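Structure first, commentary second.
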Amino acid sequence: MSTISWDSTLASGTRRQFLGLAPALLLARKTDRPIGGAFVNDSFANGHRLRDRAAFRASSRQIRVPIVIVGGGIAGLSAAWRLDKRGIRDFVLLEMEKQAGGNARWGENDVSKFPWAAHYLPVPAKGESLARELMEELGVFRDGKWDERALCFDPQERLFLHGRWQEGIEPEIGSTPKDREQYKRFNDTIAELRATGQFTIPMERGARSSPLDRGSMGGWLADHRFDSTPLRWYVNYACRDDYGASAEDTSAWAGIHYFAARDPEEKGPLTWPEGNGWIAQRLLEKLNRYVRTGAGVYRIARDRSKLRVFTEEIEYIADWVIFAAPTFLASYIIEGMPPAAGFQYSPWLTANLTLDRIPAQKGAEAAWDNVIYDSPALGYVNATHMSLAAHVERTVWTFYWSLAEYTPQQARTLLLAKDWNYWKEAILNDLSRAHPEIRQCVRHIDIMRWGHAMVRPAPGFMFSAEREKWLKPQGHIYFANSDLSGFSIFEEAQYRGAKCGDIAFR
Amino acid sequence: MSLALFLSVFLIAACGLIYELIAGTLASYLLGDSVFQFSTIIGCYLFAMGIGSYLSKFLHRGLVARFVYIELMVGLVGGFSSSLLFLAFAYTEAFRLVLYVVVILVGTLVGLEIPLLMRILKERFEFRDLVSHVLTFDYLGALGASLLFPILLVPKLGLVRSALLFGIFNAGVALWSTFLFRGQLGGGYGLRAACFAVLAMLGAGTVFADRISSAADNSLYADEVIFSRNTRYQRIVLTKWKDDLRLFLNSHLQFSSRDEYRYHEALVHPGLAALPGARRVLVAGGGDGLAVREILKYPSIESVTLVDLDPEMTQLFTRHPVLSAMNQHAFSEPRVHVINADAFRWLDGNPDRFDFIVVDFPDPTSYSLGKLFTTTFYRLAAKHLNAGGLMVVQSTSPLFARQSYWCIVETVKQAGLRTYPYHLYVPSFGEWGFVIGSLVPYEAPRQLPSGLRFLAARNIPELFSFPNDMQPVPVEVNRLNDQILVRYYEREWKDIAR
């Protein structure tokens, strides 16, 4: 009687067994479909030429124009909007990219329009007169009522938590009485802070120097004994979503501003399939004749009372410049300008995924904004959510990732180092937590890398001397970017731009 | 040779566990209370395995042949277990009895397997190795099965086919054993023939597995399913019992042929009869053509436009002999234009105006359907009304879903229309509600088309009177950005179901 000779038989046996099983497993798993896509709208090259002070082609001709706006994002467009309203026609807006709109840029394919970054405007409260004025002009606010087709359809938000979707993004599934007590205490504390009147939009209206700015939002939560895990996740999510920074890296004043500045009278926000691209398009329709795209300004020099604004095609000789590009670029472009110390910017990654099929859902119905709990990314926004159709078969999801787990420098290095395939896999892996069949639904993924997507309200920045220094014009150069407000939101960009448009050339 | 032996241990262990899991899953699925079902089934199963092990000592001779027969029996009973249980649930009152009999039978047979096999193998291996290897593979099989079951089998094969597949494995092990142990067997041709017979039965079972599941599907509907199809948009099911034909969309009853005349006469005539000389009518939803049938009773009508999402639905009601007879071949009339489109988007992109608009959508069971019950929709529909025109809206039950009903009425009002709510009794639905929305004051008609089975002009005022338990309640308006209706509806129908 022999004992089994394990080594040989089992080893060979298992291999055979495996070979026998493998085809069955392969059959069972639907083959993943090929997914196309690329990095799109990359702007590193232009930015790095400025940074490295590379040689630019000399302008071939000169044009005299009283006012030049540098930068065609919402700040620049809002400056143009005001100038045009004042009856001033003699100005140009210079945009480095092929498409104006800045963070409100958008795209379109055979399925839908979609945003590339900013995708909503909270319903402007009574005090936000500029935003209301624009919305009235665009027909979104009429006779005291908001356009029902622009108010985000129900359900607005949902959260994937413990294996299923819940309505709303404040974590509810599995929350304990302690968590709920802390949610309530948090909301009460925010309400008290809101009542102080210092958290306003635009921020300049109510902001006054506050010790809150010296600490981080994470520290503030700890100081107030907010230790509930889901609450801390929620606050951290808000900071990553609005500022691209974790709660630990966000000024407590700015973190609170996110929650305390808004108390809308109507359930919103305002949104469109292409996000804030809709607003940018309407502004561009009005202002098209002033806008020059692909016109990167590489140098601004003072020449007696004139300002010489250089692009590779044309040199503009102007009396006034509204500098609406990110403020950190000023020292690379404007002669004699010191670096914008203290201004930090969060890099982002956004992606648009085209889906030929909507994956099956577990729990709450698909919402406009869809967030996965404990994901490093921020979730996705559904571009066809604002469709009137009851039945939608194909859609585009805009995926957001603020890379807040890294320092801005690390994240920028990573963005440049990794290829499209790496990010595609990272995105699909993240989404597959909530949608296991995502790879069988997606046809195309375009990815956009933003080196300096938004200013970061790091602790101490909101009321720093550095930030305030840039609020003052330098001669006839006015600074208009939203980063001067300490955070990058539509209303701040509009306010800064419009303010410069109102005072320039007076 | 040795590995082959232990592989069969692995397989039979996997089979045994699969049957147990299938019984537990099926019972949880059909009866609910999964904790109770799984606990009692695992308990009975293990206990039955104990019985099997005990009984094994009474088997003395011809162990291999007995082992083969036992394998075949496990294969048959286990393989057909889920088919049997599905059918028992659908056609008998004794599901639980069948369930536990099957569990105990399979358990007992599986309990016999391992002791017998160990006795067969005891001459070949040292006892120490035998126990160790047999049990190792036994537990490995259990692990494999328990992982395979939720990940692959249930989602890809379903319960009926999974059971049959593992039945085939059992029968395969039986057949294999006749070769492995041919030294101990002698002839064994009879045995092999039995193996092939069982394999053939199980194979045939897999071919008919679809019929078994659809026979079980039948049981979810009270009556016989005569037609079912998954279209791109919905699941259409038709059932028939004697002269009662019922249509279900996504399991929601749409009509019963016995009383649909009540519903459709009440939907169309109070509004349309009040518009003498109406020429153009729009029907949004209503792909069964039954509302169109009522509309065509007015000679003044020149055109009826029906906008329904699902082409398979409208084709079914155009071509199917029984169904097109129900709507009196309305879709073949030259005055009727069928458009397969999303109603909201179609209205948004089309400038046509109508004298009368029938809004007959499925109840607001989801936010996607809820969009069709919003101020935005009614405002858009009102823009498509000719001066003096009116619309009627299917508005769910004012009795079972009182808040939902009045929410719809209030929403129509908020869209700038005068509202005239009314209701009737439809036996297969219960109390049902509609609301007329109009730009000018509405007056109930004094005359109706002849030949109506339910409605008489003298009864129309009664429809507009609501008893106490259906009176208006405070409600909010349903808007695209705040679909309170979907939440009202979900809560109210959940309360009814309880």
Side-chain angles (χ1 to χ4, degrees), chain A residues 1-17 20-21 24-30 123 145-156 158 167 264 266-271 357-358 360-361 364-368 382 384-393 436-437, chain B residues 1-7 10 122-130 132-133 144 148 151-153 155-157 232-234 285 309-310 341-349 361-362 364-372 374-377 379-380 415 478-487:
Chain A
M1 189 157 125
S2 72
T3 52
I4 305 167
S5 66
W6 274 121
D7 304 330
S8 59
T9 44
L10 188 66
S12 65
T14 12
R15 202 173 307 126
R16 250 201 318 276
Q17 192 182 337
L21 270 173
L25 286 171
L26 283 177
L27 274 180
R29 188 175 173 191
K30 279 189 202 145
V123 176
K145 284 197 181 115
W146 296 95
D147 178 10
E148 291 176 331
R149 295 180 186 211
L151 290 168
C152 183
F153 297 174
D154 214 354
Q156 282 86 5
R158 64 173 180 167
E167 283 187 25
E266 179 61 89
K267 196 173 172 190
L270 296 166
T271 189
R357 181 162 74 79
I358 316 280
Q361 315 282 334
E365 254 179 89
W368 169 68
N382 181 10
T384 56
H385 186 77
M386 296 303 284
S387 158
L388 295 175
H391 182 88
V392 173
E393 284 177 352
E437 50 174 341
Chain B
M1 168 68 176
S2 311
L3 187 77
L5 286 174
F6 292 113
L7 258 183
F10 177 87
K122 72 170 195 273
E123 304 301 324
R124 305 189 181 205
F125 304 106
E126 269 185 41
F127 186 64
R128 181 170 56 107
D129 293 324
L130 181 65
S132 152
H133 298 329
L148 219 54
I151 298 170
L152 214 61
L153 297 176
K156 303 288 174 191
L157 286 181
R232 219 164 119 187
Y233 306 102
Q234 56 199 344
L309 186 59
D310 193 350
D342 205 287
F344 209 148
R345 292 185 68 165
W346 185 84
L347 274 175
D348 199 33
F361 293 126
T365 48
S366 69
Y367 289 105
S368 335
L369 284 170
K371 288 181 194 172
L372 300 167
T374 55
T375 45
T376 313
F377 181 83
R379 216 168 273 153
L380 180 63
N478 193 44
R479 298 177 193 280
L480 276 176
N481 68 328
D482 194 0
Q483 288 197 34
I484 188 80
L485 174 63
V486 175
R487 296 184 273 274

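Quantities reported herein were computed from a predicted structural model and do not represent experimental measurements. Naming: A, B, ... by sequence-line order, numbering from 1 per chain.
Side-chain atoms of Gln483(B) never come within 3.5 Å of backbone atoms of Pro155(A) as a donor-acceptor pair (strictly under, hydrogens ignored). Asn481(B) contributes no side-chain N or O that, together with a main-chain N or O of Gly268(A), makes up a donor-acceptor pair within less than 3.5 Å.
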- Message: Between Asp342(B) and His391(A), is the side chain to side chain contact (heavy atoms under 4.5 Å, CB included) condition met? List the steps.
- Response: CA-CA 7 Å; Asp342(B) 205 287; His391(A) 182 88; 4.1 Å; yes

- Leu151(A) and Asp482(B): CA distance, side-chain angles, deciding distance, side chain to side chain contact (heavy atoms under 4.5 Å, CB included) verdict: CA-CA 9 Å; Leu151(A) 290 168; Asp482(B) 194 0; over 6 Å; no

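Expressed to the nearest 0.5 Å, how far CG of Leu347(B) lies from CG of Leu388(A) amounts to 10.0 Å. Arg479(B) contributes atom CZ, which lies 11.5 Å from atom NZ of Lys267(A) (distance to the nearest 0.5 angstrom).
Considering only heavy-atom pairs separated by less than 4.5 Å from chain B, the leading option among Ala366(A), Ala389(A), Cys152(A) is Ala389(A). For the set Phe361(B), Tyr233(B), Tyr367(B), Phe344(B), the entry with the most heavy-atom pairs within less than 4.5 Å of chain A is Tyr367(B).
The shortest heavy-atom contact between Ala390(A) and Ser368(B) is O-CB, 3.3 Å. Nearest heavy-atom pair across Ser387(A) and Arg345(B) is OG-NH1, 3.9 Å. Of all non-hydrogen atoms in His385(A) and Lys371(B), the two that sit nearest each other are O-NZ, 4.2 Å.
For chain A, no part of Leu157(B) is nearby; none of its heavy atoms comes within less than 4.5 Å. If you measure heavy-atom distances from Asp348(B) to chain A, the contacts under 4.5 Å come from the side chain alone. Contacts of Glu365(A) with chain B are made by side-chain atoms alone, with heavy-atom separations under 4.5 Å and no backbone atom involved. Thr375(B) touches chain A through backbone and side chain together, each having a heavy atom under 4.5 Å away. Looking at Arg379(B), only its side chain comes within 4.5 Å of chain A, counting heavy atoms on both sides.
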